[in-house]
Amino acid sequence: MAIPLGSFTGYTPGDGGLLGDMEESWGTYFEELTQSEKLWILSYVTGSITADASEDYDPYDVNDCVNAACERLDELTFGTKLGLAQFLIANL
């Protein structure tokens with residue numbers, strides 16, 4: 001079941017701005033995007049979040065075991081990686 005953008009962001013249709021442009025171009029549930037395009041945007045969003053330290057993210061607060069696990073992600077299938085991404089996002 002698809003969940004609208006506003007459920008995650010506080011965006012209300014008609015608010016305008018980037019989220020409004022995205023919704024207008026790609027649909028309420030981004031249904032006009034391919035899975036590849038959604039993953040591309042996700043990679044940019046997470047890259048933007050982790051680009052700089054903030055009150056919500058500290059790159060020095062990452063345990064070595066997490067880094068070691070990340071280095072092994074190539075052991076997982078695409079579907080498993082996608083499920084892992086969904087799990088992590090749901091549990092942030």
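Quantities reported herein were computed from a predicted structural model and do not represent experimental measurements.
Y29 and P4 make their closest contact through CE2-N, 3.4 Å (heavy atoms, listed as atom of the first residue, atom of the second, distance).
Using a 4.5 Å cut-off on side-chain heavy atoms (C-beta onward), S25 and E32 make no contact. Annotation: side chain of L39 is in contact with side chain of F78 (closest heavy-atom distance under 4.5 Å).
Here CG of D56 is found 13.0 Å from OG1 of T50. Values are rounded to the nearest 0.5 Å. A distance of 8.5 Å separates OG1 in T9 from CG in D15, rounded to the nearest 0.5 Å. To the nearest 0.5 Å, atom OG1 of residue T46 and atom CG of residue L88 are 10.5 Å apart.
At least one donor-acceptor pair closer than 3.5 Å links the side chain of S54 to the backbone N or O of Y57. Not one N or O on the side chain of E71 forms a donor-acceptor pair closer than 3.5 Å with the backbone of A68.
Crowding of E37 atom CD: a count of heavy atoms from other residues, nucleotides or ligands under 6.0 Å exceeding 12. Heavy atoms from other residues, nucleotides or ligands lying under 6.0 Å from CG of D21 number more than 12.
Residue pairs meeting the side-chain hydrogen bond (donor to acceptor under 3.5 Å, both in side chains) criterion with at least one member in residues 79-92, sequence neighbours excluded: T77-T80.
When the side chains of ILVMFWY residues are joined at heavy-atom separations under 4.5 Å, either directly or via intervening members, L5 and I49 end up in a single hydrophobic cluster. Follow the hydrophobic side-chain contacts under 4.5 Å out from V45 and you reach M22 in the same cluster. Under a hydrophobic clustering in which Ile, Leu, Val, Met, Phe, Trp and Tyr are joined whenever their side-chain heavy atoms come within less than 4.5 Å, directly or via other members, L33 and Y44 fall into different clusters. Cluster membership check: L18 shares its hydrophobic cluster with Y11, using side-chain heavy-atom separations under 4.5 Å among Ile, Leu, Val, Met, Phe, Trp and Tyr.
In this pair, W26 and F30 present their aromatic rings perpendicular. The plane angle is above 60°, beyond the 30 to 60° band.
With sequence neighbours left out, E31 forms a salt bridge (charged side-chain N to carboxylate O under 4.0 Å, His left out) with no residue at all. With sequence neighbours left out, the side chain to side chain donor-acceptor pair (under 3.5 Å) criterion links E75 to R72.
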